[in-house]
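Right, one structure below, let's go through it.
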Amino acid sequence: MSTSTLPDGDRRHARREATRKAILEAAESIVLEDGVEALKSKALADRAGISERSLFNHFPNLNEVVLSRITSYLTRLLSEPEIPAGLPISEIPDALDRKFRASFDRPEADHLFNSFLALSLRLDTEMVDLLGRHVVLTLADVSNQIMESTTKNYPDLDFDQNIRIRMYISNLTNGIAFGLLRGIHRMGVLDSPTCGSPEHDGDLSPKSFQGTEALELLNLEFLREDIDWAFEQVAIGRPRI
C-alpha cells in the first residue's frame, strides 16, 4: 500500500519509520566499511539522503544511532517464535524454554547474530560500555514484550503465576548475556597476549582483539553451546505453576 493512501497520522508515522530505517542502514554501512570513527553527521545524513537537522530529530547523537542498530538485531533475534496460546498453564515455563532455544535455531538466527556481532566488534572502548547498558535495556524490553504477549494469551493467570513467569522470562533473557560471556572466556579472548601490551594498555574492548584467531571464530555456531548451557542453568530454577 502506498503511504499516500494512508490517513495523515499513519502517513507521518510511515515516513518517520522509513527515515529512521534509512539512517540505521546508512550508519551500519559506514561503520562496516570504514569503522566507527568515520561516522560523522554530514556523512551519515548524505548517505541516508536526509539533512543533518532531520538526522538529529530522530536520534540525539551518533552513538545512539549505532547502538540502536546493534540492539535491533538482538530484538529481532528474540522476537520469534511466539508462545502458543491454548496450552495448560503448567506447561508455560517449558514453552518459554523452547521459545528461547528456538530463537537461536531458526534459519535467520545466524544472520541476525552475526550482524549484531559485526557491528559490536567495531566499537571503541567507550561505546562498548554504552552497548552493555543498551543490551541490558533491550533484554528488559524483550522480557516485557514476551510477558505482555503471554498475559494476553493466558488472561486467567493469577498474580503469583504472573510473578513466577515474569521472573523466569527475565532469567532466560539475561542468561543469553552470561552464555555469550562464557563463550568469549572459553575462547581465551580475554587471555590474548595483546591484552595489556603497550599499544592496548589493558584495553578489553572487542576492538582491541580484532584480527586475532579467537575473534575470527566468534560466531553463533561456536557460541551455541554456551547459549544452550546458559538456558540449562536457568531451567534448573524453572517455576512450577
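For reference, positions follow the sequence shown, starting with 1. Every value quoted in this text rests on a predicted model; they were computed, and no experiment measured them.
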What is the distance from atom [atom1] of [X] to atom [atom2] of [Y], rounded to the nearest 0.5 Å?
{"X": "Ser68", "Y": "Ile23", "atom1": "OG", "atom2": "CD1", "result": "10.5 Å"}
{"X": "Lys99", "Y": "Thr150", "atom1": "NZ", "atom2": "OG1", "result": "9.0 Å"}
{"X": "Asn144", "Y": "Ile169", "atom1": "CG", "atom2": "CD1", "result": "9.0 Å"}
{"X": "Glu80", "Y": "Glu82", "atom1": "CD", "atom2": "CD", "result": "7.5 Å"}
{"X": "Arg20", "Y": "Ile50", "atom1": "CZ", "atom2": "CD1", "result": "11.5 Å"}
{"X": "Leu172", "Y": "Leu96", "atom1": "CG", "atom2": "CG", "result": "6.5 Å"}

Problem - Sidechain-backbone polar pair: Ser51 side chain, Ser54 backbone, donor-acceptor under 3.5 Å - result: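 Yes.
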Handout entry: Any donor-acceptor N/O pair, Thr173 side chain to Ser170 backbone, under 3.5 Å
Key =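 Here the side-chain-to-backbone pair exists.
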Heavy-atom side-chain contact between [X] and [Y] under 4.5 Å:
{"X": "Leu87", "Y": "Asn153", "result": "no"}
{"X": "Val65", "Y": "Leu44", "result": "yes"}
{"X": "Leu157", "Y": "Ile92", "result": "yes"}
{"X": "Asn162", "Y": "Phe159", "result": "no"}
{"X": "Phe104", "Y": "Leu78", "result": "yes"}
{"X": "Leu67", "Y": "Leu123", "result": "yes"}

Taking side-chain contact (heavy atoms from CB on, under 4.5 Å) as the test, write out the residues that go with [X], two or more places apart.
{"X": "Ser90", "result": "Pro88"}
{"X": "Arg16", "result": "His58"}
{"X": "Glu52", "result": "Ser41, Lys42, Ala45"}
{"X": "Arg76", "result": "Tyr73, Leu112"}

Restricting to non-hydrogen atoms, name the atom on [X] and the atom on [Y] that form the minimum distance, rounded to 0.1 Å.
{"X": "Phe100", "Y": "Ile146", "answer": "CZ-CD1, 3.6 Å"}
{"X": "Ala43", "Y": "Ala38", "answer": "CB-O, 4.4 Å"}
{"X": "Gly183", "Y": "Leu223", "answer": "CA-CD2, 3.5 Å"}
{"X": "Ala48", "Y": "Ala26", "answer": "N-CB, 3.9 Å"}

Handout entry: Residues, nucleotides or ligands: over 12 heavy atoms within 6.0 Å of Tyr154 OH
Key =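 Result for OH/Tyr154: enclosed.
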Practice task
Kindly check if the number of other-residue, nucleotide or ligand heavy atoms within 6.0 Å of CD (Glu33) is above 12?
Solution key: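 Atom CD in Glu33 is packed in, count exceeds 12.
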If two hydrophobic side chains count as joined below 4.5 Å and joins carry through other members, does [X] share a cluster with [Y]?
{"X": "Ile176", "Y": "Phe178", "answer": "no"}
{"X": "Ile30", "Y": "Leu32", "answer": "yes"}
{"X": "Ile241", "Y": "Ile163", "answer": "no"}
{"X": "Met167", "Y": "Val142", "answer": "no"}

With a cut-off of 3.5 Å and sequence neighbours excluded, list every side-chain donor-acceptor pair involving residues 230-239.
| from | atom 1 | to | atom 2 | distance (Å) |
| --- | --- | --- | --- | --- |
| Arg238 | NE | Asp94 | OD1 | 3.4 |
| Arg238 | NE | Tyr168 | OH | 3.3 |
| Arg238 | NH1 | Asp94 | OD1 | 2.8 |

Sequence neighbours left out, cut at 3.5 Å: what donor-acceptor pairs do the side chains of residues 127-140 make with other protein atoms?
| from | atom 1 | to | atom 2 | distance (Å) |
| --- | --- | --- | --- | --- |
| His134 | ND1 | Leu130 | O | 3.2 |
| His134 | NE2 | Glu64 | OE1 | 3.2 |
| His134 | NE2 | Glu64 | OE2 | 3.3 |
| Thr138 | OG1 | His134 | O | 2.8 |

Practice task
Decide salt bridge (Lys or Arg N to Asp or Glu O under 4.0 Å) for Asp97 and Arg101; before the verdict, give the C-alpha distance in whole Å, the side-chain angles of both, and the deciding distance to 0.1 Å.
Solution key: CA-CA 6 Å; Asp97 186 79; Arg101 292 175 188 270; 2.8 Å; yes
Problem - Set of residues satisfying salt bridge (charged side-chain N to carboxylate O under 4.0 Å, His left out) with respect to Arg98, sequence neighbours excluded - result: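 Not a single residue meets the salt bridge (charged side-chain N to carboxylate O under 4.0 Å, His left out) criterion with Arg98.
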Practice task
Only counting residues at least two apart or in another chain, list the ones meeting salt bridge (charged side-chain N to carboxylate O under 4.0 Å, His left out) with Glu108.
Solution key: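 Counting only residues at least two positions away or on another chain, Glu108 forms a salt bridge (charged side-chain N to carboxylate O under 4.0 Å, His left out) with Arg106.
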Practice task
Identify, with sequence neighbours excluded, every residue that meets side-chain hydrogen bond (donor to acceptor under 3.5 Å, both in side chains) alongside Ser29.
Solution key: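 With neighbours one apart ignored, the set is Arg47.
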Practice task
Please test Val31 against Val66 for side chain to side chain contact (heavy atoms under 4.5 Å, CB included), starting from the C-alpha separation and ending with a verdict.
Solution key: CA-CA 8 Å; Val31 172; Val66 179; 4.2 Å; yes
Exercise for the section: Decide yes or no on side chain to side chain contact (heavy atoms under 4.5 Å, CB included) for Arg224 and Trp229, but give the supporting numbers first. Expected result: CA-CA 8 Å; Arg224 198 179 302 276; Trp229 169 86; over 6 Å; no
Handout entry: Worked verdict on Leu121 versus Leu117 for side chain to side chain contact (heavy atoms under 4.5 Å, CB included)
Key = CA-CA 6 Å; Leu121 293 177; Leu117 195 61; 4.0 Å; yes
Test: salt bridge (Lys or Arg N to Asp or Glu O under 4.0 Å). Region: [range]. Which pairs qualify, not counting sequence neighbours?
{"range": "residues 139-163", "answer": "Asp160-Arg164"}
{"range": "residues 170-179", "answer": "none"}
{"range": "residues 166-177", "answer": "none"}

Handout entry: Asp34 bridged to Arg122 by N-O distance under 4.0 Å
Key =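 Salt bridge: no.
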Problem - Phe113 vs Leu74, side chain to side chain contact (heavy atoms under 4.5 Å, CB included): CA-CA, chis, key distance, verdict - result: CA-CA 7 Å; Phe113 183 81; Leu74 187 58; over 6 Å; no
